[in-house]
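Order of the sequence lines sets the chain letters (A, B, ...), proteins ahead of strands, with each chain counted from 1. Values in this document were obtained by computation on a predicted structure and should not be read as measured data. Basis for what follows: all heavy atoms, side chains included, without hydrogens, waters or symmetry-related copies.
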2 protein chains.
Amino acid sequence: MSIPRPTDAELEILTVLWSRGPATVRAVHETITGRRPAQYTTVLKQLQIMDEKGLVKRDESERAHVYTAAQPREATQAQLAGDLLARGFAGSATSLLLGALSAKKPSKKELAELRKFLDDYEGRR
Amino acid sequence: MSIPRPTDAELEILTVLWSRGPATVRAVHETITGRRPAQYTTVLKQLQIMDEKGLVKRDESERAHVYTAAQPREATQAQLAGDLLARGFAGSATSLLLGALSAKKPSKKELAELRKFLDDYEGRR
DNA sequence: CTTGACCTACGAGAACCGTCGTAGTATCGT
DNA sequence: ACGATACTACGACGGTTCTCGTAGGTCAAG
């Protein structure tokens with residue numbers, strides 16, 4: 001009974017929760033509506049299912065329930081990246097990075113950041 | 001009518017096709033069976049659907065049809081990495097790499113490879 | 001010519017995904 | 001007190017994913 005890989009819609013909601021912090025259905029709905037049309041009850045239902053799956057935690061002490069991501073952003077990102085790494089890239093992080101940079105040309109800043117990240121990563125070990 | 005993001009099962013089959021090259025249903029089935037139980041007709045049906053979707057191409061000139069991946073490995077990998085990058089990492093390649101390395105600790109060799117990749121990448125530009 | 005091996009086509013079912021409408025309940029403003 | 005407002009619960013539906021069984025066609029060996 002581990003936490004399942006979030007689906008597309010679930011990931012979108014998790015992203016909102018990570019950036020907004022604990023939020024009501026209404027808050028999540030408003031944020032999502034700002035980007036694309038979505039019905040209130042759709043978000044509600046999604047959140048309820050995510051609670052059952054253990055993807056979010058629900059605080060029912062108030063009338064408007066407050067939802068929180070069950071896992072911190074970094075943990076879920078590691079799960080997603082690791083999953084794709086294994087399934088589509090035969091475990092090669094280099095291939096994964098190549099794929100990412102092919103899809104979206106990095107800025108000079110991003111390249112510098114990547115370089116610094118590798119330095120730091122290797123440094124503390 | 002662009003090519004859709006391959007599902008889990010589809011990606012597994014594409015992986016076989018990429019490493020084996022053009023292959024019959026039987027060949028794909030045998031490779032997959034080596035890793036996990038799977039019915040012959042399941043693989044067949046999957047391949048047929050993938051053909052409809054345009055994920056693979058089918059050569060029917062022989063009795064046993066021969067399937068080939070429609071896109072080279074790198075193109076699909078770029079699609080997958082780019083998709084995850086946008087959906088789960090707000091476009092930050094550094095975060096994606098961090099996630100990948102968190103999920104699977106890299107060997108010294110892999111780190112050197114990453115470093116070299118960045119050098120080469122920045123070099124030719 | 002018949003039988004068995006091998007192949008494709010296809011239907012179907014179980015589970016999941018994303019979406020939404022409706023119903024029911026609590027709360028607030030007047 | 002009562003109607004409007006705000007919430008949750010829940011069923012349902014259309015689409016997709018993955019699985020497999022069955023049917024039917026071809027071909028070669030005996």
Side-chain angles (χ1 to χ4, degrees), chain A residues 1-17 22-68 76 80 83-84 87-88, chain B residues 1-17 22-68 76 80 83-84 87-88:
Chain A
M1 41 183 250
S2 60
I3 294 181
R5 165 160 57 112
T7 66
D8 289 3
E10 286 165 354
L11 182 56
E12 184 185 19
I13 288 181
L14 284 176
T15 299
V16 173
L17 290 179
T24 61
V25 177
R26 182 145 306 274
V28 174
H29 175 245
E30 274 166 8
T31 301
I32 290 184
T33 295
R35 296 197 279 268
R36 64 176 183 87
Q39 230 36 46
Y40 178 88
T41 54
T42 300
V43 177
L44 169 65
K45 178 73 167 185
Q46 202 66 251
L47 252 345
Q48 287 170 343
I49 292 175
M50 290 171 75
D51 181 50
E52 280 171 14
K53 289 189 184 178
L55 286 169
V56 298
K57 294 203 159 119
R58 173 161 61 173
D59 173 6
E60 311 183 4
S61 63
E62 297 297 321
R63 184 156 109 83
H65 298 176
V66 174
Y67 291 86
T68 317
T76 299
L80 290 172
D83 176 74
L84 184 60
R87 282 205 346 274
Chain B
M1 46 185 250
S2 61
I3 293 181
R5 165 160 57 114
T7 65
D8 288 3
E10 287 166 354
L11 181 55
E12 184 185 18
I13 287 181
L14 285 177
T15 299
V16 173
L17 256 28
T24 61
V25 177
R26 182 145 305 274
V28 174
H29 174 246
E30 274 166 8
T31 301
I32 289 184
T33 294
R35 295 197 279 268
R36 65 176 183 87
Q39 237 27 53
Y40 178 89
T41 54
T42 300
V43 176
L44 168 65
K45 178 72 166 186
Q46 201 67 250
L47 252 346
Q48 287 170 344
I49 293 174
M50 290 171 76
D51 181 49
E52 279 170 15
K53 289 189 184 177
L55 286 168
V56 298
K57 294 203 159 118
R58 173 162 60 174
D59 173 6
E60 311 183 3
S61 63
E62 297 297 321
R63 186 156 107 82
H65 299 175
V66 173
Y67 292 86
T68 316
T76 300
L80 290 172
D83 175 75
L84 184 60
R87 283 206 342 277

> Are Glu10(A) and Lys53(A) close enough for a salt bridge, meaning some N to O gap below 4.0 Å?
Replying inline: yes

> In terms of side-chain heavy atoms of Arg63(A), which of dA9(C), dG18(C), dT27(C) is nearest?
Replying inline: dT27(C)

> Any idea which of dA9(C), dT8(D), dT19(D) is nearest the Val25(A) side chain?
Replying inline: dT8(D)

> Rounded to whole angstroms, how far apart are NZ on Lys53(B) and P on dC18(D)?
Replying inline: 7 Å

>> Just verifying a value: how many Å separate Arg58(B) CZ and Thr68(B) OG1, rounded to the nearest 0.5 Å?
In response: 11.5 Å

> How long is the line joining CD of Glu12(B) and P of dT19(D), in whole Å?
Replying inline: 8 Å

> If you look at every strand shown and take non-hydrogen atoms under 4.0 Å, does Thr7(B) touch a base, only sugar-phosphate, or nothing?
Replying inline: sugar-phosphate

> Going by an N to O cut-off under 4.0 Å, is there a salt bridge joining Lys57(B) and Asp51(B)?
Replying inline: no

> So which one's nearest nucleotide on DNA chain C is more toward 5', Ala64(B) or Ala9(A)?
Replying inline: Ala64(B)

> Side chain of Thr41(A), base of dG21(C): donor and acceptor closer than 3.5 Å?
Replying inline: yes

> Rounded to the nearest Å, what distance is computed from the CG atom of residue Asp59(A) to the C1' atom of nucleotide dC7(D)?
Replying inline: 15 Å

> Using a cut-off of less than 4.0 Å, is there contact between a side-chain N or O of Arg5(B) and OP1 or OP2 of dT17(D)?
Replying inline: no

> In terms of side-chain heavy atoms of Gln39(B), which of dC20(D), dA9(C), dA9(D) is nearest?
Replying inline: dC20(D)

>> Expressed as a whole number of angstroms, how long is the span from Leu44(A):CG to dA23(C):C1'?
In response: 13 Å

> Taking CG from Leu11(B) and C1' from dT17(D), how many angstroms apart are they, rounded to a whole number?
Replying inline: 14 Å

> Quick check: are there more than 12 heavy atoms from other residues, nucleotides or ligands sitting under 6.0 Å from CD of Glu62(B)?
Replying inline: no

> Want to settle it: does Lys45(A) or Gln46(B) sit nearer the 5' end of DNA chain D, counting the closest nucleotide to each?
Replying inline: Lys45(A)

>> Please report the distance, rounded to the nearest Å, between CG in Leu47(A) and P in dC10(D).
In response: 15 Å

>> In whole Å, I'd like the distance from the CG atom of Leu55(A) to the C1' atom of dC16(C).
In response: 14 Å

>> Whether Tyr40(A) contacts dT8(D) is assessed here as follows: a side-chain N or O lying under 4.0 Å from the phosphate OP1 or OP2. Is that the case?
In response: yes

> Hey, does the side chain of Gln48(A) come within less than 4.0 Å of dC10(D)'s phosphate (OP1/OP2), counting only N and O?
Replying inline: no

> So, are Glu30(A) and Arg35(A) salt-bridged, with charged N and O less than 4.0 Å apart?
Replying inline: no

> Rounded to whole angstroms, how far apart are CD on Glu52(B) and P on dC18(D)?
Replying inline: 15 Å

> Is there a donor and acceptor pair closer than 3.5 Å between the side chain of Arg26(A) and the base of dA6(D)?
Replying inline: no

